[in-house]
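Note that ligands are numbered from 1 as they come in the structure, with each ligand's atoms numbered from 1 the same way. If you're wondering where the values come from, they're calculated on a predicted model, not measured in any experiment. All heavy atoms count here, side chains included; hydrogens, waters and symmetry mates do not.
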Amino acid sequence: MLFDFTYYNPTKIYFGKNSLDNLSGELANYGKNVLLVYGKASVKKNGIYDKVMTVLESAGKNVTELSGIKSNPTYTQMLEGARLVRENDIDLILAVGGGSVIDCSKGISAAAYCEGDPWEKYWINEEPVTHKVVPVGSVLTMAGTGSEMNGGSVITNEEKMLKKGRVFGTNLYPKFSVLNPEFTYTVPKYQMASGIFDIFSHLMEQYFSGEDDNTSDYLIEGVMESLVNSARTAMKDPQNYEARSNIMWCATVALNTITGVSKSQDWEVHMIEHQVGAYTDCAHGAGLAVVSVPYYKYIYKYGLDRFVRFAKKIWEVDISSMSKEDAALAGIDALAEFIKEIELPSTLRELGTTEEMLPKIANSTALGGGYKQLSVKDVLEILKTAY
Ligand code: NZQ
Ligand code: ZN
């Protein structure tokens, strides 16, 4: 059943082949000083940097650049951005990139005028941000995280060996996001698949919790179905606009909080992956792919009916002559097949994890769960199976 809720998402989305045409109109809403944040090399190679710069120049903006944001953005880079915001009296932070660049930009905005230690305040104690923040806008170049329309900011604190997510309030959601599916054509296949699995994982994290009859679960199933269908096309034909545009919108919808409305959720696969990422710097979606199957095999008995429904509805397993147990496992096996189909790894070893890392990862993982509350021992068991 749906419990009482308030739903509000302030991000304006411009979607499609001509969506960048809307950037100049958006820029007119902000002052002269723009911090342009981007990743290592892709936007310069594929021409997106030049396109955005042309718009910024013709709008007469003073542009300060922060480049080289890493996949799994670091706290050090975020603090560097915060310093640039203060020194250049920045009016708008424009993130041009994937989730890492957008997450980092939100973190920069929260940290710029923070009194005290932003890590402790915002990532550890999860305090609300009540001081001045600088608006963030985005031009998305890689589909996966949903950061373009949410308050998430996942930052890696290298000194503390912690990769930690924070969901900020709506004051830190991007004010606008430009989504041109063609901008994702140059994303390498492995990164595309990683993004696809990240989307699928966001949907599973919301789906595998609760037993009630809830509209959100039906929405999730619809997005899962669309994603699997388009993923199969995009793996064979990466420049297929229909598939890439569906994948891009699936990513946004899967984590702009609409599919999780009034619903209990899990997120333990993400908690485990974040620490795998802190130790290996792996691509986020690839890490999720490795953790998911062992995790779901470990907990499915506690949410048996939902796993049976997953097998039947998403993977069209003929469960008519199966026990519930076999049907649930067949659904998880189909998930493992899908991971193979999109050419992602299935072991921690392939991500560069060593055996010595396993207890460290388990000890530093935030504990929760959907159908089963996990202990450190449980996480270690899952990691050993994934190894
Ligand atoms: O750095 P460059 O050279 O730009 O290359 C990037 C990077 O190597 C490349 N890339 C991006 N767009 C491209 C492109 N290459 C060619 N053509 C393009 N158009 O792709 C690589 C990965 O980019 P990244 O931004 O790191 O990927 P993603 O979007 O998957 O973001 C991952 C980060 O987001 C966090 C993850 O934990 C990870 O740190 N997440 C954020 C969430 C949120 N805000 O809600 C939720 C997610 O669950 C996730 O945790
Ligand atoms: Zn994710």
Side-chain angles (χ1 to χ4, degrees), residues 11 37-49 51-52 66-75 77-78 95-107 136 138-157 162-168 172-174 177-206 238-239 244 247-248 251-252 254-257 260 265-278 280-289 291-292:
T11 305
V37 185
Y38 55 96
K40 288 194 170 155
S42 73
V43 292
K44 290 220 167 152
K45 271 196 216 148
N46 60 23
I48 297 173
Y49 172 87
K51 287 189 178 120
V52 170
L66 175 64
S67 63
I69 301 303
K70 292 188 187 168
S71 300
N72 303 324
T74 65
Y75 189 54
Q77 290 184 307
M78 197 197 86
V96 182
S100 295
V101 172
I102 306 175
D103 280 16
C104 189
S105 297
K106 292 174 201 166
V136 174
S138 89
V139 175
L140 185 66
T141 66
M142 135 125 207
T145 65
S147 187
E148 64 276 11
M149 202 178 179
N150 70 31
S153 176
V154 184
I155 302 293
T156 298
N157 189 320
L162 278 178
K163 177 174 169 181
K164 205 159 179 336
R166 163 69 205 265
V167 182
F168 287 118
L172 279 155
Y173 280 42
S177 287
V178 172
L179 275 59
N180 181 345
E182 288 181 338
F183 286 0
T184 67
Y185 284 173
T186 52
V187 174
K189 207 171 187 187
Y190 181 72
Q191 287 293 346
M192 176 185 81
S194 174
I196 288 168
F197 198 79
D198 189 21
I199 306 167
F200 202 76
S201 177
H202 296 159
L203 295 164
M204 290 192 293
E205 297 274 29
Q206 296 165 83
Q239 308 246 326
R244 294 308 281 269
I247 291 168
M248 200 171 209
T252 307
L255 206 53
N256 69 357
T257 70
Q265 302 179 20
D266 183 337
W267 296 103
E268 193 57 30
V269 173
H270 270 67
M271 295 306 104
I272 299 173
E273 189 288 328
H274 283 174
Q275 279 317 97
V276 172
T280 64
D281 204 23
C282 64
H284 172 61
L288 295 169
V291 174
S292 290

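- No hydrogens or angles considered: nothing links the side chains of Asn157 and Lys164 as a donor-acceptor pair under 3.5 Å.
- When atom types are taken as modelled, the side chain of Ser105 and the backbone of Val101 share a donor-acceptor pair closer than 3.5 angstrom.
- The protein atom (non-hydrogen) at minimum distance from atom 7 (C) of ligand 1 is Ser71 OG, 3.4 Å.
- Ser177 places no side-chain N or O within donor-acceptor distance of the main-chain N or O of Met149, the cut-off being under 3.5 Å.
- A donor atom on one side chain and an acceptor atom on the other are not found under 3.5 Å apart for Asn150 and Asn256.
- Between Thr145, Thr141, Asp103, Leu255, it is Asp103 that holds the heavy atom closest to atom 44 (N) of ligand 1.
- Under a 4.0 Å criterion applied to the non-hydrogen atoms of Lys40, ligand 1 contributes the atoms 1 (O), 2 (P), 3 (O), 4 (O).
- At a 4.0 Å cut-off, at least one heavy atom of Pro73 sits close enough to ligand 1 to count as contact.
- For Ser67 and Lys40, the side-chain atoms include no donor-acceptor pair closer than 3.5 Å.
- Counting heavy atoms closer than 4.0 Å to ligand 1, residue Asp198 contributes side-chain atoms (C-beta onward) but none from N, CA, C or O.
- For the Zn ion (ligand 2), the nearest N, O or S atom contributed by Asp198 is named OD1.
- Closest to atom 16 (C) of ligand 1, if we only count protein heavy atoms, is Thr186 O, 3.2 Å.
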> Taking it one step at a time, do Val276 and Cys282 satisfy side-chain contact (heavy atoms from CB on, under 4.5 Å)?
Replying inline: CA-CA 8 Å; Val276 172; Cys282 64; 4.1 Å; yes
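- Within the set Met142, His284, Met192, Glu182, the minimum heavy-atom distance to atom 30 (O) of ligand 1 is found for Met142.
- No side-chain N or O of Glu148 forms a donor-acceptor pair with one of Thr11 less than 3.5 Å apart.
- A distance below 6.0 Å separates the ring centres of Trp267 and His202.
- Taking atom 45 (O) of ligand 1 as the reference point, the nearest protein heavy-atom neighbour is Asn150 ND2, 3.0 Å.
- Heavy-atom contacts of Phe183 reach the following atoms of ligand 1: 19 (N) (cutoff under 4.0 Å).
- Near Ser147, with a cut-off below 4.0 Å to any heavy atom, the atoms of ligand 1 are 44 (N).
- Put simply, part of His202 is less than 4.0 Å from ligand 1, judged by heavy atoms.
- Proximity to Asn72 (heavy-atom distance under 4.0 Å) selects the following atoms of ligand 1: 38 (C), 39 (O).
- Protein heavy atom in closest approach to atom 33 (C) of ligand 1: Ser100 OG, 3.4 Å.
- No donor-acceptor pair closer than 3.5 Å links the side chain of Glu205 to the backbone N or O of Gln265.
- The protein non-hydrogen atom at the shortest distance from atom 29 (O) of ligand 1 is Gly99 N, 2.7 Å.
- Near Gly39, meaning under 4.0 Å from any of its heavy atoms, are these atoms of ligand 1: 1 (O), 4 (O).
- Rounding to 10°, one obtains 100° for the angle at the Zn ion (ligand 2) between NE2 (His284) and NE2 (His270).
- Polar contact check, Thr184 against ligand 1: no nitrogen or oxygen pair lies under 3.5 Å apart.
- Close N/O approach between Lys70 and ligand 1 is not found [any backbone or side-chain N/O within under 3.5 Å].
- The existence of a salt bridge linking Glu182 and Arg244 is excluded, since no basic side-chain nitrogen approaches an acidic carboxylate oxygen closer than 4.0 Å.
- Side chain of Ser292 to backbone of Ala289: no donor-acceptor contact under 3.5 angstrom is found.
- Side-chain atoms of Lys163 and His284, non-hydrogen and from C-beta on, do get closer than 4.5 Å to each other.
- Under the 4.0 angstrom criterion for non-hydrogen atoms, Lys163 is in contact with ligand 1.
- With rounding to the nearest 0.5 Å, the separation of OG1 in Thr74 from CG in Asn72 is 10.0 Å.
- Nearest residue to atom 14 (C) of ligand 1 from Ser67, Ser42, Gly144 is Ser42 (criterion: closest heavy atom).
- Heavy-atom separations between Pro188 and ligand 1 include at least one value shorter than 4.0 Å.
- Looking at Ser201, its side chain never comes within 3.5 Å of a backbone N or O of Phe197 through a donor-acceptor pair.
- Counting protein heavy atoms under 4.0 angstrom from atom 22 (C) of ligand 1 gives one or more.
- Close contacts between ligand 1 and Asn46 involve ligand atoms 17 (N), 18 (C), 19 (N) [criterion: under 4.0 Å to a heavy atom].
- Screening Thr184, Thr186, Thr141 against Asn46 for a side-chain contact (heavy atoms from CB on, under 4.5 Å) leaves a single residue, Thr186.
- Using cut-offs of 30° and 60° for the angle between ring planes, the His274 and His270 rings count as perpendicular.
- Between the side chains of Ser147 and Asp103, at least one donor N or O sits under 3.5 Å from an acceptor N or O.
- Under a 4.0 Å heavy-atom criterion, Gly165 is not in contact with ligand 1.
- For Val43, the heavy-atom gap to ligand 1 stays at 4.0 angstrom or more.
- The closest approach between any non-hydrogen atom of His274 and ligand 1 is below 4.0 Å.
- Against a heavy-atom cut-off of under 4.0 Å, Gly152 is close to the following atoms of ligand 1: 44 (N), 45 (O).
- Here is the list of ligand 1 atoms found below 4.0 Å of a heavy atom in Ala41: 2 (P), 3 (O).
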